[in-house]
Every structure is written in structure tokens, then in C-alpha cells.
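These values consider heavy atoms only, across backbone and side chains, with no hydrogens, waters or symmetry-generated copies. Whatever order the structure lists ligands and atoms in, that order sets their numbers, starting from 1. All figures in this text were calculated on a predicted structure; none of them were measured in a lab.
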Amino acid sequence: MAKLQFPQDFVWGTATASYQIEGAAGEDGRGPSIWDTFSHTPGKVVNGDTGDMACDSYHRYEEDVALLKKLGVSAYRFSIAWPRIFPQGTGEVNEKGLDYYRRVVDALLAAGIEPAVTLYHWDLPQALQDKGGWANRDTIDAFVKYAEVVFKAFDGKIKQWITFNETWCVSFLSNYIGAHAPGNTDLQLAVTVAHNCMVAHGEAVKKFRSLGIQGQIGTTHNLYWFEPYTTKPEDVAAAHRQRAYNNEWFMDPTFKGSYPQFMVDWFREKGAEVPIQPGDMETISQPIDFIGVNFYSGGFGRYKKGEGLFDCEEVQVGFDKTFMDWNVYPDGLYKVLSWVREAYGDVPIYITENGSCYDDTLTADNRVHDAERAEYYKKHFIQCHRLIESGVPLKGYFAWSLLDNFEWAEGYKKRFGIVYTDYETLARHPKDSFYFIQKVIQDGGLDV
Ligand SMILES: OC[C@@H]1[C@@H](O)[C@H](O)[C@@H](O)c2[nH]c(CCc3ccccc3)c[n+]21
């Protein structure tokens, strides 16, 4: 048996998001978000599930913090709900909304756990969507105002800030594919939303710097490792387009201050132009202190005329699949973060999400023997160690997720938690994967 030892200062954490765990949708002045609207629209979410109750973390956050302490993490990534701070998106601050996050942050700090906070994890105030949402550049200013209020309220207490969670999901998944809120299916709209969100990210970073807020700020993109199935030029080009859709389209503006030209040309062919205004690219590529990467899966593709947006079809090569039908591809984590370092330099990296969904069963004695999920984590931890050994500046890892929670359009059937949420009683039951991660943290590494 070999012992894979992690650096002493490696950050182990778990991640959640406001709409997925809080519940209390109308409590203490919270305004509606686009996910309240979407989940309450028949046909949008499996079983008609909504985030009205979720894990009720709005009232049970102390139980969550106790679980985090038991797990032994040094950090906890969660998101602040904009509609709790500005119920109408702009205007009057809702102090009761801020108070909830003050309770959460103080409980975390009392437990010796660092909060890592995402400003935007998809719950846009509906009042802003009614005025065009992220397609309207006024939303950028509203976002910066929201960020400023939260920066000032928690300066010195929250020291790791993430502006956006997965702008690809906010733009393409939600406005081209249409699977997430607000559920549009327009490519130009998606390209515009992606651009405006990235400008909003940059403006928030500028505000953070100008206010002299303590700590570090970055953003999180979901990166997908997609490789050509053969070395044929058309397969290489097709797989690259498909990968760039998730990766370079967001990472190039963030770190190079420009969009990848081959993709600009491809979108132009499809009738979509990027609405760049003077100064936008400089704003987007404001220097950041780290990049958050959410990694779940990857695969292989080859050219197929007319297939999808990029004339690319996925080739099934025999990967094990999770309950989301996603390939289990741990090597993809090694490859994608090695690519980040090659393409964008030695920017510190945090894996801000990684995890898996399997069909869990709660036993009579409240255990969940989720061996597949524990194995998924083990395989990905091994790749994290391999990355660190290779010199990639990987600084931390946040497991998705602490709790089973509202899995967006899939509702509550899809469980990603290392803790089982009993939706009848809202009781939390650590799964075997929780104890596996607890031991890795305690030991500072794992035996392989
Ligand atoms: O699907 C599991 C998690 C979500 O619960 C998180 O809120 C979100 O940040 C997140 N991103 C991804 C990868 C991108 C993706 C999200 C949803 C559906 C398909 C792909 C997986 N996850």
C-alpha cells in the first residue's frame, strides 16, 4: 500500500448552493428568484419538485455546521441568495436576509471553518428577469451593487469569494439548451448572457479591489474534458469545438482578455455575435486570485455533420456511468487541470465542485452504503494528488455536495450528497462516503 500524502495546507471542503438547500422561500422578506418561477412552472422539474423547502437549511444550518465540523473540513462553500439581500434585485437592502448569512458565517467561524462564498449560484431575482435579466446590461450594475453590500457586510469574515458559479450553465444551459431557468432556447441570447455575466464578474472584481476587501476573489467555471476519438483532423476539430464550448469560451476571456476566434467564427456562422462594448474584455480579464473549477466528467467525440451545435457526436467508449448518466473519467480531471496550467499559467486552482450521483438507499439503522460514491471520490483524490505532484497549483477541493439537495431540473430524486437528506423528516444521515472523506482529511491523505 502506498500513502498519498497531501500538503499540510491543502483545503478540504464541501459545497452547496442557496436555492438547493435553504428552503424558506418566502421567509424574512426573500423575494422570488427565476428558480422559484421555473420550478413552479409545470413540466420544468421532475415530479414538480421545487426549492420551497429543500433541506430547510435556513432553519437547520446549525445541524449542517455540526456535520461539517464532524467531517473535519477547513472550509465550506455555499452561496448567498441575491433575492434575500435585494428582494426586488435592486433598491432597499433586506437586513433580515443579511442576518441569516451573518448567523451562518458566525457559526462556521466558531467551528473553525472558513466560509468560501459564491455570490451568484443561479437564483437571479425575478424582478430583474422581468427587465431582461442577464441579457440586459443594467443587471451588471445591479450585481455590482449587490456584491458591494455583501463585501462590506462580511469584510474580514468571508475571505474567499467566488463571483459566479458556472457561467456556461447561466448562459447556454439556461438560454440555449433551455433545461434550466429561465428556460430560453436562443443562441444569440445565450452568447449575450455569457458575455454580460463575464463583464459582471470583472466589474465585481474591480469593486472588490477598490473597496480594499480582505481575502481572495475568483470565479468558478465548469470544465469538461472532451477528446477526439481519432487523430483524424475533422474529429480533432469537432471535439475541440465541443470542449471549447464549455472551457475556452469562458477561460480565454477571463485570462487572455479575448474569445477564441475559431469559436467566434463558428457562432457567427450560426447567427450569433458577441456584443462586446469598448473596455469589456479588459474588465472581464481583471486579474483574479484563483480559478474555481467544477469537474464531473468528460468523454470522446468525433465529427458528425449536423450533430448538435458543433457537428460533433459523443462516442461511447465504455466508461462506468453515474446515476446522471455521466461518464466516470478521473483521468479527465488530471488532463483538464494540466491543460488549465498549460493554457493559462500558474493561477492557483481550487476544485470548487466534484462529486457523483447514485441511487442511495437508507437502511433501517440510518446508514447509506454508497460504495460507488466513495470509490468515485477515491479515484478523483488520487488524480488530485497526481496533479499536485506534477506541479499544478491545486490548493483545495470541495466535494459536491454536503447534503442531498434540490438537483435543479432533476428535483430531489438525484442525490449527490455525502450526507443523506430524509425529505420526510429533513433529518441528515452521513453516508459511508462521508466517513471515507472524514478519514482522508484526518490522515492528510489516502492509502492506495
Ligand atoms: O449537478 C450537480 C451539480 C449541481 O447541483 C450544482 O449546483 C452545479 O454547480 C453543478 N454543475 C455541474 C456540472 C455542469 C452541469 C450542471 C447541471 C446539469 C448539467 C451539467 C454539476 N453540478
Side-chain angles (χ1 to χ4, degrees), residues 13-22 33-35 38-39 44-46 49 51 54-55 57 76-81 116-124 162-181 183 190 194 197 218-226 242-243 245-247 249-250 291-299 308 314 321-329 332-333 336 350-358 360 373 376-377 380 397-419 421 433:
T14 66
T16 62
S18 45
Y19 190 75
Q20 295 182 269
I21 66 164
E22 289 178 0
S33 75
I34 59 175
W35 268 97
F38 193 76
S39 66
K44 298 297 184 185
V45 178
V46 169
D49 288 345
C55 308
S57 288
Y76 173 52
R77 176 183 178 230
F78 63 99
S79 75
I80 290 178
V117 169
T118 309
L119 288 170
Y120 187 73
H121 202 126
W122 306 354
D123 40 3
L124 183 72
I162 296 163
T163 54
F164 276 75
N165 181 72
E166 302 188 339
T167 307
W168 178 85
C169 289
V170 178
S171 52
F172 292 107
L173 185 62
S174 304
N175 288 284
Y176 172 63
I177 297 169
H180 279 198
C197 285
T219 194
T220 279
H221 289 304
N222 53 299
L223 302 184
Y224 188 69
W225 189 249
F226 206 65
Q242 191 71 45
R243 186 190 89 188
Y245 175 46
N246 259 101
N247 297 5
W249 191 256
F250 300 95
I291 185 68
V293 175
N294 291 354
F295 177 83
Y296 288 87
S297 186
E314 180 165 3
K321 303 272 189 178
T322 70
F323 201 44
M324 292 287 276
D325 201 30
W326 295 350
N327 297 331
V328 178
Y329 188 15
L333 175 59
V336 78
Y350 288 83
I351 293 171
T352 38
E353 285 178 31
N354 175 244
S356 58
C357 173
Y358 290 100
D360 294 323
R373 185 178 287 105
Y376 179 99
Y377 277 118
H380 288 80
Y397 176 99
F398 293 82
W400 183 272
S401 179
L402 171 67
L403 303 172
D404 295 333
N405 57 51
F406 177 75
E407 181 47 41
W408 306 114
E410 302 291 339
Y412 293 104
K413 276 270 172 292
K414 301 293 186 190
R415 295 174 176 270
F416 277 85
I418 57 174
V419 172
T421 305
S433 56

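The pair D360-R373 meets the salt-bridge criterion, since a charged nitrogen lies less than 4.0 angstrom from a carboxylate oxygen. Using a 4.0 Å cut-off between charged side-chain N and carboxylate O, R77 and E353 make a salt bridge.
Residues T163 and L119 share a closest heavy-atom pair of O-CB, 3.4 Å. Contact detail for F250 and N246: the closest heavy-atom pair is CD1-O, 3.4 Å.
Under a 3.5 Å cut-off, the side chain of Q20 and the backbone N or O of F406 do form a donor-acceptor pair.
Proximity of the aromatic rings of F323 and Y358 is defined here by a centroid distance below 6.0 angstrom, and this criterion is not met.
Closer than 4.0 angstrom to ligand 1 by heavy atom are Q20, H121, W122, N165, E166, C169, L173, H180, N222, N294, Y296, W326, E353, W400, E407, W408, F416, sorted by chain and number.
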